[in-house]
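Both ligands and their constituent atoms are indexed starting at 1 by order of listing. Remember, it's a predicted structure, so these values are computed and weren't measured experimentally.
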Amino acid sequence: MITLGNKEYFKGINQIKFEGSTSKNPLAFKFYNPDQLVAGKNMREHFKFSVAYWHSFCGQGADPFGAGTQNFEWDQATDPLQAAKDKADAAFEFITKMGFEYYCFHDFDLVAEGASIQESEDRLKEIVAYLKQKQATSGVKLLWGTSNCFSNPRYMNGAATNPDFNVLARAAAQVKCALDATMELNGENYVFWGGREGYMSLLNTDMGRELDHMGQFLKSAKDYARKQGFKGNFFIEPKPMEPTKHQYDFDAATVIGFLNKHDLQNDFKLNLEVNHATLANHTMQHEMDVAAQAGMLGSIDANRGDYQNGWDTDQFPNNVLETTEAMLVFLKAGGLQGGGINFDAKIRRNSTDMEDLFLAHIGGADTFARALLAADRIINESDYRLLRNKRYSSFDSGNGKAFENGQLSFEDLYDIAHKNGELATTSGKQELFENILGQFV
Ligand code: XUL
Ligand code: CO
């Protein structure tokens with residue numbers, strides 16, 4: 001039996017409860033009511049909200065221009081394993097007080113990487129045993145684990161796409177340990193985000209060879225986990241750039257093409273992130289729709305970017321209108337396949353009060369709740385679906401239906417066009433659709 005720490009880090013903050021939209025209590029949910037039924041499921045089940053270990057408990061507000069501003073109490077111990085256990089205590093206290101059920105981590109968010117593979121592996125095993133106990137006593141579960149194959153200088157030229165085979169093998173050893181940790185903690189999914197799987201210059205890069213290496217790497221990682229009995233999903237998280245100039249997992253469509261080409265489509269789905277969609281010049285609604293059409297809408301990293309600058313600011317969600325557009329796709333797809341809503345977001349560098357982490361997650365959860373409620377009403381109380389379907393009604397019968405069924409040749413289409421003569425224009429009614437959205441948000 002492992003002894004768990006009993007220090008309280010977030011003093012004076014109690015369980016966060018739903019108090020409704022008229023509440024003036026900043027530390028209460030105004031819209032996220034976990035037990036409220038929407039479209040046949042309660043909000044807790046729809047969202048499976050998850051806390052990102054790295055942003056909430058590891059990042060301390062450092063940026064390229066200055067050191068961290070948030071001196072958390074759980075970062076004081078000098079012994080790496082004691083520091084890791086203190087951080088785990090703080091994390092589980094926070095997640096439990098938020099009333100969330102899930103968390104996500106990178107391997108070396110949990111404990112500092114050691115000087116050798118063996119030391120890192122031993123440290124990971126010790127903290128995983130500790131977390132296993134924390135999960136058992138709190139009921140908090142692991143939504144997904146992942147491996148940080150982008151921070152260590154050894155990965156500066158990539159991990160699975162490194163031109164040096166020995167770096168690729170080093171990354172495989174690391175991913176194996178992270179998969180073992182995820183499985184030991186009953187993780188429901190495993191994520192690959194290819195931070196440095198891309199290039200800074202094509203002049204020194206054999207792109208075709210690197211992509212094939214990445215396909216082979218993912219296949220062997222998947223085969224290893226399946227052999228150990230892992231039943232969860234593997235997710236790829238698209239992002240177009242940053243830290244590389246060009247990342248191979250550019251966007252949902254690119255990743256789906258890659259997965260199909262490498263015969264990975266039955267085991268892998270997508271973990272889509274809002275700020276990554278923005279960087280790819282897409283909306284989140286677009287990325288989710290592309291994934292849903294391929295049956296690959298796996299999970300969401302919830303955050304937002306800043307439209308006045310072009311980098312990954314990872315702010316907490318607060319745009320109800322855009323989140324509602326995304327929730328329309330979410331409801332139409334029947335929700336997520338295996339994943340949840342992970343707040344891959346960080347409080348600002350100058351947000352230095354302990355309660356700020358709570359305020360941020362409360363705002364994020366309320367944004368998603370409002371958006372889900374609005375999307376559900378748009379679908380059930382407005383003419384939204386009717387109007388959208390009406391635009392395609394010419395395909396519901398007659399020649400349109402025959403075309404959809406593959407029963408018309410190109411010559412048939414030519415003859416139909418001749419018979420029809422010139423056509424009247426049909427309005428797309430975009431403003432009407434926008435007004436409906438505005439009415440319910
Ligand atoms: C980076 C990012 C990562 C992944 C996991 O932009 O989103 O934190 O979610 O590696
Ligand atoms: Co992410």
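Looking from atom 9 (O) of ligand 1 to the surrounding protein, the closest heavy atom is E237 OE1, 2.7 Å.
Of all the atoms in ligand 1, the ones that sit under 4.0 Å from a non-hydrogen atom of D312 are 6 (O).
Some N or O of H276 is nearer than 3.5 Å to an N or O of ligand 1, by distance alone. The shortest N or O to N or O distance between K239 and ligand 1 is under 3.5 Å.
Within the protein, the N, O or S atoms lying under 2.8 Å from the Co ion (ligand 2) are E237 OE2, E273 OE1, D301 OD2, D344 OD2.
The distance from the OH atom of Y32 to the NE2 atom of H46 is 11.0 Å, given to the nearest 0.5 Å. Here W144 contributes atom CH2 and F235 contributes atom CZ; the two are 9.5 Å apart, rounded to the nearest 0.5 Å. Here the CD1-CZ distance, from I300 to F47, works out to 9.5 Å after rounding to the nearest 0.5 Å.
Taking the six-membered ring for Trp and thresholds of 30 and 60 degrees, H286 and H282 have nearly parallel ring planes, at less than 30 degrees apart. Between F105 and Y103, the ring-plane angle classifies as tilted under the 30° and 60° cut-offs.
Of all the heavy atoms of D301, the ones lying under 4.0 Å from any atom of ligand 1 belong exclusively to the side chain. Within the 4.0 Å heavy-atom criterion, the part of H106 lying near ligand 1 is the side chain and not the backbone.
With contacts defined as side-chain heavy-atom distances shorter than 4.5 Å, the pair F29/M98 qualifies.
In this structure a side-chain-to-backbone donor-acceptor pair under 3.5 Å is missing from E119 to E113.
We find that R44 and D35 are joined by a salt bridge, their nearest charged nitrogen and carboxylate oxygen being less than 4.0 Å apart.
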Given side chain to side chain contact (heavy atoms under 4.5 Å, CB included), test V51 with F343 step by step and report yes or no. CA-CA 6 Å; V51 176; F343 289 108; 5.8 Å; no
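Contact annotation: V191 has no heavy atom less than 4.0 Å from any atom of ligand 1.
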